[in-house]
There are 2 protein chains.
Amino acid sequence: MPHVISQKHQRAWRSFLTSQSLTTNMLDSRLRKAGQISLDIYEVLSTLEDAEGHRLRMSDLAETILFSRSGLTRMIDRLEEVGYVVREPSPDDRRGWFAVVTPEGIKARHTACEIVQQGLAEVWVEALSEEDADKISALLEQVCGRAKNAAK
Amino acid sequence: MPHVISQKHQRAWRSFLTSQSLTTNMLDSRLRKAGQISLDIYEVLSTLEDAEGHRLRMSDLAETILFSRSGLTRMIDRLEEVGYVVREPSPDDRRGWFAVVTPEGIKARHTACEIVQQGLAEVWVEALSEEDADKISALLEQVCGRAKNAAK
DNA sequence: GCAAACTATTTCCAAATACAACTAATTTAC
DNA sequence: GTAAATTAGTTGTATTTGGAAATAGTTTGC
């Protein structure tokens, strides 16, 4: 058995996977119990809300939230049905569409935000100092860069 | 908009989600391209391999890898079909079953291990020193504890 | 010792997923 | 200027999923 990576790195990877699942499951189940949007939808709406003009091209949105394109198509279908998002054609490129958050979408995200932030505060903020958070961000952004390259 | 958690913590959470997805997608797609087991299966087989007697009760396994029970039932069905796992009844409790890795399962995991460790080495080991890894493990294990409690 | 409450696992069902094939528009090359 | 290659997005299909109901076995209370 080749030990390319150290025990310490193995352990870090494991705690990373586990803490991620536990945290997102917790957030998701609280949202569900409160009858609110799922965490996935929360991500979509937040991303759109942060974007210039509250809109993003389908492919850019998919890339940002790391969704498959077909997955995003159908996610946006569902969000359009409930009125949280609308599609608008791109003026530049007639193949392209923007997904745009509506005011209802913003409101729904905003309501859910309380639960999400509360949950993160309990689990994350208590465990990590500001400096820890800062350091981890820097490290993990490195990891992101490497992972993107490694993906070819 | 309530700012329960700081910008730094927000950023840490975001980089955390992103680095996780990018890394697991990378590992999974390399495994797929090499015609090997998926990362999920890798987790199952590793967990069983590490366990006493290469076996674990269905519910314990589900809890360890954070799978739903129905999901695990079907995962083990599939693994049994390809001969990587067998089910054995619990001698103590006639409701209970053990999932047991077979030698073929161990071999398949072992082969995949090269790709997984190689991928992690590129992305993870390069970005994190041993001390970083150590520190992160400690912090994230705290997060795990808190998330378990917070889940109720 | 037996009914009620509980636990382990599976099955049912309705969603959600990913990949590949498809349609339509744009860019490139000559 | 047009055929070939590329890109944006959607649809088709087969697989996977998670929750709730169902099944079978165990423990508790009296």
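In what follows, chains are A, B, ... by sequence order, proteins preceding strands, each numbered from 1.
B:L79 and B:V86 are members of different hydrophobic clusters when ILVMFWY side chains are connected at heavy-atom separations under 4.5 Å.
Looking at B:E43 and A:L17, their side chains come closer than 4.5 Å, going by heavy atoms from C-beta outward. The side-chain heavy atoms of B:L22 and A:V143, taken from C-beta on, include no pair separated by under 4.5 Å. The side-chain heavy atoms of B:L120 and A:W13, taken from C-beta on, include a pair separated by under 4.5 Å.
If you check every strand for non-hydrogen atoms under 4.0 Å, B:D28 touches nothing.
Rounded to whole Å, atom P of C:dA15 lies 14 Å from atom CD1 of A:I41. Separating the CG atom of B:L79 from the P atom of D:dT15 is a distance of 16 Å, rounded to the nearest angstrom. Atom-to-atom, CD1 of A:I76 to C1' of C:dT17 comes out at 16 Å; the value is rounded to the nearest Å. The distance from atom CH2 of A:W97 to atom P of D:dT11 is 11 Å, rounded to the nearest whole Å. The CG-P distance, from A:L39 to D:dG18, rounds to 14 Å in whole Å. Rounded to a whole Å, the CD atom of A:E81 is 13 Å from the C1' atom of C:dA15. D:dG25 atom C1' lies 16 Å from atom CE of B:M58, rounded to whole Å. When rounded to the nearest whole Å, the span between CZ of A:R32 and C1' of C:dA15 equals 11 Å.
Judged as a salt bridge (Lys or Arg N to Asp or Glu O under 4.0 Å), the pairs with a partner in residues 93-103 of chain B (not counting sequence neighbours) are, in order, B:R57-B:D93, B:D93-B:R95.
Residues passing the side-chain contact (heavy atoms from CB on, under 4.5 Å) test with B:R55 are B:E88, B:F98, B:V100, sequence neighbours excluded. Taking B:R11 as the reference, A:D134, A:S137, A:E141 meet the side-chain contact (heavy atoms from CB on, under 4.5 Å) condition, with sequence neighbours excluded. Taking the side-chain contact (heavy atoms from CB on, under 4.5 Å) definition, one finds that A:A34 meets it with A:Q36, A:I115, sequence neighbours left out. When the side chain to side chain donor-acceptor pair (under 3.5 Å) test is applied to B:E104, the partners found at least two apart in sequence or on another chain are B:T102. Applying the side-chain contact (heavy atoms from CB on, under 4.5 Å) test to B:E122 and every residue at least two apart in sequence or in another chain returns A:A150, B:R30, B:Q118. Under the rule for a side chain to side chain donor-acceptor pair (under 3.5 Å), A:N25 has no partner lying at least two apart in sequence or in another chain.
Ring geometry, A:F16 versus B:W124: the interplanar angle falls from 30° to 60°, so the pair is classed tilted.
Between B:R78 and the phosphate of D:dT15, there is no side-chain N or O to OP1/OP2 separation shorter than 4.0 Å.
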Which atom pairs, donor and acceptor, lie under 3.5 Å between side-chain atoms of residues 61-73 of chain B and protein residues at least two apart or in another chain?
from: B:T64; atom 1: OG1; to: B:D60; atom 2: O; distance (Å): 2.8
from: B:S68; atom 1: OG; to: B:G71; atom 2: N; distance (Å): 3.0
from: B:T73; atom 1: OG1; to: B:R69; atom 2: O; distance (Å): 3.2

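Only at 4.0 angstrom or more do the heavy atoms of residues 13-26 of chain B sit from any atom of DNA chain D, so none qualifies. A heavy atom closer than 4.0 Å to some atom of DNA chain C occurs in B:S59, B:R69, B:S70, B:T73, B:R74, these being the qualifying members of residues 59-75 of chain B.
Between B:L48 and B:A99, the shortest heavy-atom contact is CD2-O, 3.5 Å.
Closest-nucleotide positions on DNA chain D for A:G96 and A:D77 were compared, and the one nearer the 5' end corresponds to A:G96.
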Grab the N/O contacts between the protein and nucleotides 24-29 of chain C below 3.5 Å, and write none if there aren't any.
from: C:dT26; atom 1: OP1; to: A:R94; atom 2: N; distance (Å): 2.9

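Where the helix from C:dG1-D:dC30 to C:dC30-D:dG1 starts and where it ends, the local axes point in directions that differ by 30°; five pairs per end, rounded to 10°.
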